[in-house]
Every structure is written in structure tokens, then in C-alpha cells.
Number of protein chains: 2
Amino acid sequence: MVTSKDVAALAGVSQSTVSYVMSGSRSISPATRARVEAAMEQLGYHPNASARALAGQRAHVLGLVVHVTARTELAGVLPFVETVTGAAREREYDVVLVTGDEGDAGLERLARRGIVDAFLVMDVTRRDPRLGTLARLGRPTVLIGRPDEPLGLHWVDLDGRRAGELAVQELVAVGHREVIVLGEPVGEPGEEHRFIADFEDGARQAAERAGVPVALVRPPERGWAGVLAVRDRLVEGARRGGLVARTPQVAERVLQLLLEAGLDPARDTALVAMCEDDVARRLRLPVTNVSTESRPLARRAVDALFARLQGRTDLPDEQLVTPVLTRRTTTPGHPDRP
Amino acid sequence: MVTSKDVAALAGVSQSTVSYVMSGSRSISPATRARVEAAMEQLGYHPNASARALAGQRAHVLGLVVHVTARTELAGVLPFVETVTGAAREREYDVVLVTGDEGDAGLERLARRGIVDAFLVMDVTRRDPRLGTLARLGRPTVLIGRPDEPLGLHWVDLDGRRAGELAVQELVAVGHREVIVLGEPVGEPGEEHRFIADFEDGARQAAERAGVPVALVRPPERGWAGVLAVRDRLVEGARRGGLVARTPQVAERVLQLLLEAGLDPARDTALVAMCEDDVARRLRLPVTNVSTESRPLARRAVDALFARLQGRTDLPDEQLVTPVLTRRTTTPGHPDRP
DNA sequence: TTGAAAGCGCTAACAC
DNA sequence: GTGTTAGCGCTTTCAA
């Protein structure tokens with residue numbers, strides 16, 4: 001193994017000079033820097049991460065907490081995770097994955113052993129049981145999802161109210177005088193996530209402001225069975241007005257039911273889905289969508305985390321990201337696209 | 001920060017004794033062990049990971065290489081990742097995520113800096129460009145996916161030939177005398193993955209052995225558009241025989257087209273999909289499926305990796321996992337379920 | 001069965 | 001602008 005000592009010897013400098021060349025934390029003459037860099041190159045030097053972490057009191061690793069439940073949209077988390085690791089790498093950080101199994105003890109272990117310097121927690125609910133532990137651990141932490149009581153932790157979330165509003169406003173704009181919002185399945189604590197509650201609120205209020213009746217339809221269960229159980233109401237509603245689906249899965253199923261009922265979502269009715277843009281484009285029809293902005297959200301979260309890691313406190317403790325609506329074929333007759 | 005020195009002082013032993021109590025690598029008298037453990041408990045001691053890694057020459061971290069491409073089935077990777085981290089944790093290992101962006105330099109960095117002790121590489125293609133680097137790095141490595149030239153690296157994969165065979169045999173068993181296999185979109189190098197080539201081979205050969213004609217239908221492109229483009233052939237084929245879909249997405253779309261064409265997949269035709277069991281159960285109809293066994297596959301991969309980490313070489317270098325077929329409603333008329 | 005002590009490879013005062 | 005040196009908190013010989 002090549003160490004910084006070897007590099008120092010070859011370059012004819014001290015070990016600390018090698019260290020300073022790497023960290024840039026003190027000025028080095030161009031000549032010395034060149035010799036050191038040449039030596040590194042020649043020896044194929046790679047600094048040892050454990051030694052650096054031990055001496056520097058920083059692991060250069062952040063913990064990404066992903067708790068997968070039955071309700072998790074599996075396909076949505078990977079782009080998020082990828083964005084996080086990419087953004088972390090730009091700052092010379094690696095990412096360790098924390099899955100739910102270990103619970104709070106796992107978080108404690110990672111923090112106390114110095115395996116991670118900071119936490120990024122995905123899919124935080126309104127009264128998330130992990131928050132107490134995270135606050136107590138005192139490591140820089142950013143939550144994805146808005147809790148009722150942040151306990152001093154920073155959070156980032158999509159603006160649910162605005163998302164619901166955008167969806168309904170689009171339906172109203174294309175001339176619909178009635179709106180059906182497909183909500184969370186009954187019996188499940190849909191209000192667990194602040195975003196969902198806000199979405200339904202925003203949709204309802206936008207409809208009220210427009211003087212248009214809204215129905216919030218909750219399927220009796222999750223999955224196909226739930227959607228099928230409310231099929232008649234949906235198809236009926238679609239004949240008279242427009243539909244809002246809060247997830248791509250539901251959008252896909254609704255689309256299918258509409259087609260089977262002989263309704264063309266691009267002509268006879270309207271549909272707005274909440275999902276990633278690329279998913280919206282790849283559904284059976286390109287569906288008008290309110291974006292979930294998962295990559296921008298991930299970036300903001302990482303930015304906030306590194307700001308804290310660098311001891312900055314001049315930033316807001318909470319950030320709401322504004323979703324964007326993109327018109328596609330399922331909001332026909334829009335004035336901008338006659 | 002509480003260190004092993006503090007624990008030693010409180011327990012009235014030397015630091016090395018504390019270390020040996022933790023590692024179990026030398027015998028300790030019950031009395032001493034009890035005192036040390038009590039001291040750890042009392043102080044809330046957590047051993048520092050960097051120090052341990054530096055002294056012990058092991059990071060206790062493995063690198064999970066996930067290269068997400070347009071073809072990646074996003075929903076499929078998370079269960080896999082979760083299983084890997086869970087299995088790693090059982091051996092006191094953590095997992096760092098390696099995404100594709102950094103390429104081979106990223107793998108080199110992780111290995112050379114001693115950030116990871118070993119690699120688990122997902123979604124390996126037949127001539128995967130990463131293999132050269134991985135072989136050169138000399139760290140224990142297990143590939144998920146069978147390369148043409150393993151270069152001495154261990155691999156684990158699902159038995160594609162058997163999977164294709166099972167699907168076709170089921171269709172034949174329920175009385176179909178004609179089979180359509182939905183293959184990879186044309187223009188994409190579908191043979192990139194060994195599993196896919198083997199799957200198509202296995203299906204073809206099983207049909208030949210049964211004296212039944214097979215058609216391999218390749219959609220002209222990926223996504224809905226591709227499936228729609230071959231709709232007529234599929235529906236025609238379904239009227240006369242059975243269908244095989246190699247992914248849950250394709251299965252979902254085929255199901256929909258059949259329903260729209262007035263065919264009930266539970267009565268009028270038959271469909272076998274390759275997908276996870278829980279996905280098969282949650283499609284619009286419970287679909288007969290050949291399992292992808294992603295959790296068992298992940299487990300085997302981790303087992304193989306730890307065997308190598310412990311220097312064991314008494315194991316096969318390659319492992320094929322056998323998929324399992326589960327009959328559900330879309331293979332009607334099976335003799336076992338009249 | 002236990003202790004003393006020498007590192008592991010780096011960082012960051014403190015010197016000059 | 002550079003060198004010297006004392007750790008960071010563990011593991012693991014070597015000795016007893």
C-alpha cells in the first residue's frame with residue numbers, strides 16, 4: 001500500500017506537505033506542489049479513508065435513511081437516491097444506505113461510531129417516530145417530508161397545497177365544471193404524510209374558489225381492487241368533468257378504465273396526474289402532470305445538509321419546493337393549445 | 001466521546017482487554033468480561049469505526065454497484081438493495097452505494113482508499129466493461145448477472161433457460177398448442193444480458209420439445225408504443241394460444257390489451273409473466289408467474305461475498321438460481337386445478 | 001488469562 | 001512556505 005509517507009519521500013518533502021497539498025488548507029509553492037503531485041501520480045497514491053477520518057474527525061460519509069413500506073412508490077425512490085449520491089460525490093462524500101430494519105438503534109450506531117457525519121431521511125411522516133432520536137443524536141440532519149413538529153431539524157418537501165391547486169386549476173381552465181380527486185385508500189392513515197393532506201386541501205380549496213364541485217373519492221383498498229371498486233363513480237365523473245390522480249399507478253389504472261368505458265381521455269374528459277415528467281410521457285397517453293420534482297428536491301436536501309455540515313446557520317430551516325404543471329394530451333381544449 | 005480507554009479505566013483492565021472482549025478473539029474470564037460489559041453499558045460506549053478500520057485493515061463496508069439505465073426496472077432494484085443491506089448488517093457490515101456516474105474511477109477510489117472491502121455489482125451484462133477494473137482491483141467481488149467472461153469473478157444469476165422453459169411448459173400443460181413470447185424491443189441489444197438470451201432460448205426449446213410453434217415477438221420500441229404496435233399479433237395469438245411476458249410492465253400492458261379486445265385472460269387465453277410474486281398477485285388479475293427470486297438471489301450473492309471475504313475458496317465460482325412458477329388465474333384449465 | 005506498547009496512515013497544531 | 005511532532009481510537013503482537 002502506498003502511503004503519504006512514500007509520496008513525501010519521493011517528492012522530497014514532509015508528510016504534512018503532502019497532506020496540505022491535498023487539502024489546500026495552506027499555501028504551497030507551485031514547484032513543491034508539482035513535485036508532490038508528480039510523486040502521487042507516479043506511485044498511484046490513494047489516501048486512506050479510515051486514517052483520514054480518524055485524524056480529521058470526519059467520515060466523509062452521509063447516511064441516507066430509506067424506510068420501505070407497502071406504501072412506498074418503489075420506482076420513485078431510485079432516481080432520488082441516485083441524485084443524492086451524485087450530489088454527495090460532488091462534495092467528496094459517499095453515501096451509506098440505512099434501511100428500516102435496525103430502527104433507531106441503527107441511526108444511533110451510525111452516528112456514535114462515526115460511520116456517518118450526517119443524515120438524510122426520506123419519506124418523513126407528520127409524526128415520524130425517528131425524529132426524537134435524530135434530534136438527540138445532534139448530527140446535521142435533513143428530512144424529506146414535513147413533520148408536524150420538526151424538533152429543530154431541517155426539512156424539505158414538495159408544496160402539496162400548490163400541487164393540488166395546480167391540478168384543479170388546469171381542469172377548470174380547460175372548461176370542466178366538476179372535479180373528482182382520487183384520494184388515499186380508506187382505512188389507511190393517508191394524513192400520515194403532510195404532503196397528501198395538503199394536496200387534498202389545495203385541490204378542494206381551488207375548486208371552491210372556482211365555484212366548482214369537488215368529490216374526493218377514496219378507494220376502499222390499495223391496488224387494482226380499490227380502483228375497480230370505485231370504477232362507476234370515476235367513469236360517471238369523467239363523463240361530466242375532470243379527474244385528478246395523485247400517483248402514477250392510479251393514473252395508469254384510471255386511464256385504462258376510461259379507455260375501456262369508451263372514453264378518450266384526450267377528447268371526452270380530462271386527467272391530471274401527480275408524477276414525474278418522464279413517467280407522464282410514457283403512460284399510454286402523454287398525461288398532463290404535476291411534477292414530483294424528486295431530483296430538485298433531492299438536490300435541495302443535499303445542499304441544506306452540506307450547509308449544516310459546514311456549520312452555516314444562515315439558512316431557512318424549512319423549504320417547500322414548488323411543483324410544475326405540464327400540459328399534455330389529457331387536458332384537451334386548453335385555450336393555449338386549441 | 002467515550003473511548004475504549006475510558007471503558008478500560010472504569011473496568012480496571014487494559015485497553016486491549018476491552019478490544020478482546022469485543023472481538024472475541026481470545027478467551028476472557030467471565031468476571032472480567034462482565035466488568036467490561038458493564039462499563040461499556042454504563043458509559044454508552046460505541047467503538048469508533050475509523051479507528052477500528054485503520055487498525056484492523058477492514059472497513060466493514062461493502063460497495064453495492066447500481067448502474068441505473070433506461071432499461072432498469074426501477075421497482076425491482078429496491079427490494080434487492082434492501083435485502084443486500086439487511087444481509088450485510090447481519091455480518092456487521094454497512095453498504096455504500098455506488099452509482100454509475102463515476103465509472104471505473106469510482107470503483108478504484110473506493111477500493112484503493114479502503115472505503116469498501118468488497119463489491120457487489122448489480123445488473124451485469126454479458127460483456128460488462130466494468131469487469132476488467134474489478135478483476136484488477138483484486139477485492140472480493142460478486143456479480144449479479146452472468147458475464148461471458150467472468151475473469152475469475154464470482155457471479156450469481158437466475159437460470160434464464162429454466163425460466164423460459166417453465167413458462168412455456170405451463171402454457172402447454174393447460175392445453176395451448178401455440179405460444180407467443182414477447183421479447184426485447186428490436187434495435188436494443190437484448191442479448192446484452194445473458195439471462196434474457198437464455199430465457200428466449202429456453203422458451204423456444206421447450207416449445208420445440210412439445211411440438212408446439214413459438215413466435216418471438218419483438219416490439220419495435222420500448223414502452224406502451226412498442227406494445228401497441230404489435231397489438232394485433234398479440235390479440236390474434238391470444239385467441240389461438242398462450243402468451244409469455246418477460247417483465248411486469250409488459251404483462252400489465254398485455255393484460256390490458258386482452259381485456260380491451262374482449263378476451264378474458266382467466267378463461268379465453270393464457271398468460272405467464274416473469275415477475276416477483278407480489279407483483280403478480282397485484283396485477284389486475286392474479287397472473288401466473290415465474291418468479292424473479294430477487295431476494296434469494298441477493299442473499300446468495302451476499303453469502304458468496306462473505307465467504308470470499310473470509311478467505312474461503314471452497315465454493316463454486318458461479319451459481320444459477322432456479323426460478324419457481326406459481327399458478328394463478330391466467331393459466332386456466334390446468335389439470336391440477338380443474 | 002491479562003497487560004504493555006507499537007503501530008495503522010493521516011491531520012493539524014506549533015514551530016521556524 | 002515548509003518541517004516536526006503529537007495525536008485520532010483502535011488492533012495485535014510480544015511478554016508475562
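Residue numbering restarts at 1 for every chain, and letters A, B, ... go by the order of the sequence lines.
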_Intermediate values then yes/no, side-chain hydrogen bond (donor to acceptor under 3.5 Å, both in side chains), B/Thr72 and B/Thr69_ = CA-CA 5 Å; B/Thr72 310; B/Thr69 70; 3.3 Å; yes
*Protein-to-nucleotide contact annotation, 5' to 3' order, nucleotides 9-16 of chain C [B base; S sugar-phosphate only; - none; under 4.0 Å, heavy atom]*: BBBBBB--
*What is the ring orientation for A/Tyr93 with A/Phe306, classed by angle as parallel under 30°, tilted 30 to 60°, or perpendicular over 60°?*
perpendicular
*May I ask you to say whether B/Glu108 pairs ionically with B/Arg136, meaning some side-chain N is under 4.0 Å from a carboxylate O?*
yes
*Would you indicate what B/Gly114 reaches in the nucleic acid, counting non-hydrogen atoms under 4.0 angstrom: base, sugar-phosphate, or nothing?*
nothing
*Can you check side-chain hydrogen bond (donor to acceptor under 3.5 Å, both in side chains) on A/Thr292 and A/Ser294, steps first, answer last?*
CA-CA 5 Å; A/Thr292 49; A/Ser294 77; 5.0 Å; no
*Distance in angstrom units between A/Ile28 CD1 and D/dG3 C1', rounded*: 11 Å
*asked:* For the backbone of A/Ala11 and the side chain of A/Arg35, can you confirm whether one donor and one acceptor N or O come within less than 3.5 Å of each other?
replied: yes
*Give the nucleotide from the list D/dT2, C/dT1, C/dA4 with an atom nearest to the side chain of B/Ser14.*
C/dA4
